[in-house]
Amino acid sequence: PMALFSVFQTTFLLASLSLRTYQSEVWSEPLPWAPESLKVSINSTRQCLHLQWSVHNLAYHQELKMVFQIEISRIKTSNVIWVEDYSTTVKWNQVLHWSWESKLPLECAKHFLRMRSAVDDAKTPEQRFWSNWSSWEEVDVQNSLGHEPLFVFPKDKLVEEGSNVTICYVSRSQQNNISCYLEGVRMQGEQLGPNVSMFNLNHVAFIRETGTNIYCKVDQGDGIKGIVLFVSKVLEEPKDFSCETQDLMTLNCTWDPGRDTGLLKQLSQSYTLFESFSGKKTLCKHKSWCSWQVAPESQETYNFTLTAENYLRKRSVYLLFNLTHRVHPKAPFNVLFKNVSATNATMTWKVHTIGNYYTLLCQVDLYGEGKVTQHNISVKVDGEHLFGGLEPDTQYMAQVRCANANRFWKWSEWTCQNFTTAEAAPSEAPDVWRNVKSVQGDCVVTLFWKPLSKLQANGKILFYNIVIENLDRSSISKLLSIPAPANGTEVILDQCLYQIHVTANNSVGTSPASVIIVSGDPGNTEVEEERVKGTEDGFSLSWKPQPRNVTGYVVDWCDHPRDPLCDLQWKNLGPNTTSTVVSSGAFRPGVRYNFRIYGISTESVPYLLEKKTGYSQELAPSDNPQVVMSNLTSHSFTLSWKDYSTESQPSFIQGYHVYLKSKAGQCHSGWEKAVLSDDAVCCKYKIDNPKQKTFVVENLQPESFYEFLVTPYTSVGEGPHGAFTKVTTPDEYSPILIRIILPMVFCILLLMIICYLKSQWMKEKCYPDIPDPYKSSVLSLIKSKENPRLTIMNIKDCVPDSIEVLNKQEGTRKSLTETESTKPTYLYLLPTETSYSGPGPCICFENFTYNQAASDSASCGHVPVPPKAPPSQLGLLTSPENLPKSLEKNYMNSLGEIPAGETSLNYVSQLASPTSGDKSSLPTNPPEPALCSEYKMQMAIPLAPWKENWLSSQRIYKTY
Amino acid sequence: MLACLCTVLWHLPAVPALNRTGDPGPGPSIQKTYDLTRYLEHQLRSLAGTYLNYLGPPFNEPDFNPPRLGAETLPRATVNLDVWRSLNDKLRLTQNYEAYSHLLCYLRGLNRQAATAELRRSLAHFCTSLQGLLGSIAGVMAALGYPLPQPLPGTEPTWAPGPAHSDFLQKMDDFWLLKELQTWLWRSAKDFNRLKKKMQPPAAAVTLHLEAHGF
């Protein structure tokens, strides 16, 4: 059945089409209402074609519904690009208009346009057929462009982001090659005619506010033409459009304009506000708000249209409201406080009037002491509110805001003001405690009190009054005034019973008194101290309930027990309490805290019940005791650390460990082997009693090396294994030896002293300087063997017959010749030959220039020695490096003034001189010592400067 | 060479400039004006870079050299070398003064159109500097006793584009304004250098002469 229906439908359509064709052919004669007087105009900027025509032959006041069919062709008439039916009602003498926007700029191509009409009116059904086509109307803008060689179209177009744009150029010359660029990038176009090309840009994007540059240029030449394509971001609809008034005089409308369109200011969108009831319109100066003057007449309802509009788009939003429903009052002003007492204050404020008949609802908030209270008050012009139940001497902050009471719209801004209540007398007695010490018969009472809390003090505490009343004698009280912020004082009392009243005072009054009784007996009864174990949270203390009546208990302790001002703390507890947890932020690990628990009798007398001591956390000892070693013998020594205080250690000392290192490595009974952290093996002795602070190390080997260490041990470990003390046991026999050796040494010393004192006598006796020939053993030998008649000639027996006087000039400078002519100091007593050769013994007198060694030598060689030169210098002279210098020194000496008595010392080594100048020729072996007979030669050394000396000496050496 | 030096030394006391004391003449102010042109040249290089980027390609392309269309009202800095050499001091200074007066006016128009606040600030700063250069030139002219050129009434140049003035042509004009400004600053540097040398005392010229001989 579907196929059958389809065939039927097609047949019907074909039939109706053929009927219509027949009709148009039959009625192709001129229609009485054909379009006439066609006029075509263009809007180049908008790329629009405007068509204008009229329909004649209409009767006066005749209205006729007509359809106009319009056809548009491009380049040539046959190229139809647009057909549109335009229906309208035509009146007598009416000029009809129709517009069409071309995608291609109109300058780029010729356009042709024609139209025909048909009546589409129910009144004249017989006239329903098309008129003849009008003749083609040609639109050719290119002819009117001018004579410039190149044109680019459209000129400076404004489009929305994402649009498609068609661009073309028209060139006047066909020879030129033309290239077109979009932002510097060449575009590929489509030829429209011999000298026209077009370029399609799809989905254009926003690049910059100053637009997208498109330009074409002639390849050979400097012709350039371009356009700027302004691309706008899509204009958004204004959001959050709202209007309100503060005074019923001006409406302030605000909105969010949305994102920026990215256009230059002159192309950007404008905002218009239109009110439909009054018909008024205003152009807004700002992008996001606008003011509207409320008319003096009582218009209550407003219907606003806000329109955002730019060249491309128009967006509108609407708002209908009653003016009285949009009242946003201004913030209240002139907020003041009056009658401010310790507990009450009255706040007043003013509001801006909105109208005579408007009431405002004001909200008042009060902040103080961490609390907020809120009140709502109805206000016409002036507002007033009484705050009650306030705390004395407290700063409060009050704030107020208002809104329309009849129709709430919005709260005004807050207006804030601070005030402080007046002071009142302190409400509570200060919490007082005492510490009693007996010093030289007096009772030194240190009073402590805790500062009152802010709530209790009711103002600034200025001073504390202390009244000391002697209960025994009922005498006149003693009054002390301690200025704040002191939290204690010390009073010295005799051993009597006193009642102490402590009150805190501020500018208004006095607090109730705190009473404490100090008995003459300080109450330091011997109470056993118990150990307690603390935790991070504190110390859990408990005590036995008291059989007698107590009004309460007090636990006191020092927060800083190591400080002289130990910062005494206390805690008051009820009479039925027998345990508490003492916690303090000041508790530190490794610090020993002592707690005292007092019971307070009904007479307000505190008496000590129990003592507790403990650590919040025990720590291993950080120091070892300072050990003193004594009684060192070859088999034992004693260790002592009596100065070590067990009380001030970071944990309870349980005992001590004595470590002993020895080379033998064996441990005696009572000792056990231990391995230290550095893998060293040693012996350990454990002392269980912490009070035992001496120890004797026994069973040691004599003359042995030992190391020891004493360290305390606790439940959390022992002290550091630091430096061991070294000790060597003495020899077993050394004491005996000392008893023998010492006297012997003494005797020897004594003998030596005697010898020294009697040295002259000893010398004369044992080895005199001039031997006595009579005592000579030679004499006795001669006497006995050869000639028994020979005897020693005595000088006294000789009679001298002549005296030869040798004149020797001293202290003058000697010339070489003089030196040469000087006779030798040698006197040959034994006959010698002049040409002496070869070594041989000779007897010679001692000359100062020869040392003992030289003279003792077998050859009696005259080895020269520099005068007064120490032996070490002698060695230096032989080293080749030092030779020239030494020589120089020598020559200088010889050149200079020779002091008296040194004449005989003026001797230059004949051995050194030849080697001085020529190191290469330095003889490895020293020359043979010169013999006595050749001694003269050494005196021939000339006195000349160093260098010449060197040559001269060499020369001399050669001759030698 | 020695004879030349001796002759120069012989004539030194006769050189009036060396004997002059007190009034330093227009020399320092010419030097200051020269320095200012060099400073503005440097400043313009940075400003032009920013502004041409703001206009977009092809205006910020280094080899972009469009024909000077539509910018005919701008004072032209390029001149024939012989003509430039033959200019007298008064004419030279007057041309400079007139050119910068016009360019400053155009530049202020540019500032009004600029969209970004940073660009407006840079342009305003440059305008102030250019105003300083104008004052400096006026100072030199006054020191040399030349009158300032009077602007003809009603010929105050404006930079408002006409209705037929397309945005692309407007950008071209902006480009040419900056280009001409740069050329004028180069030319002014040469102008003031020439003036400076001319105003220097002849003794300096003697020194230069000797140096030129490779002394």
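Naming convention: chains lettered A, B, ... in sequence-line order (proteins, then strands); numbering from 1 in each chain.
Screening residues 181-191 of chain B for salt bridge (Lys or Arg N to Asp or Glu O under 4.0 Å), with sequence neighbours left out, gives B:Arg92-B:Asp191, B:Arg187-B:Asp191.
One N or O on the side chain of A:Asn213 and one on the backbone of B:Pro57 form a donor-acceptor pair closer than 3.5 Å. Side chain of A:Lys217 to main chain of B:Pro66: no donor-acceptor pair is present (N/O by atom type, distance under 3.5 Å, no hydrogens or angles).
In this structure, the portion of A:Ile214 lying under 4.5 Å from any heavy atom of chain B is its backbone and not its side chain. Using a 4.5 Å cut-off between heavy atoms, B:Asn53 contacts chain A through its backbone alone, with no side-chain atom that close. For a residue to count as touching a neighbouring chain, one of its non-hydrogen atoms must lie under 4.5 Å from one of that chain's; by this rule A:Phe230 touches chain B with the side chain only. Interface remark: A:Glu183 contributes backbone and side-chain atoms alike to the contact with chain B (heavy atom separation under 4.5 Å).
Under the 4.5 Å side-chain criterion, counting only non-hydrogen atoms from C-beta, B:Pro67 is in contact with A:Ile224. With contacts defined as side-chain heavy-atom distances shorter than 4.5 Å, the pair B:Ser166/A:Ile227 does not qualify.
Of all heavy-atom pairs spanning B:Leu55 and A:Arg208, the tightest one is O-NH1, 3.8 Å.
Within 6.0 Å of CZ on B:Arg38 lie no more than 12 heavy atoms contributed by other residues, nucleotides or ligands. Environment of CD in A:Gln188: sparse, with no more than 12 heavy atoms of neighbouring residues, nucleotides or ligands closer than 6.0 Å. In B:Lys32, the NZ atom is not crowded: 12 or fewer heavy atoms of neighbouring residues, nucleotides or ligands sit closer than 6.0 Å. Around the NE2 atom of A:His286, the shell of radius 6.0 Å holds more than 12 heavy atoms that belong to other residues, nucleotides or ligands. Within 6.0 Å of the CZ atom in A:Arg259, the count of heavy atoms belonging to other residues, nucleotides or ligands exceeds 12. Residue-environment remark: NZ (A:Lys239) exceeds the threshold of 12 foreign heavy atoms within 6.0 Å.
A:Lys155 contributes atom NZ, which lies 8.0 Å from atom CG of B:Leu169 (distance to the nearest 0.5 angstrom).
Ring geometry for A:Tyr215 versus B:Phe168: interplanar angle under 30°, hence parallel rather than tilted (30 to 60°).
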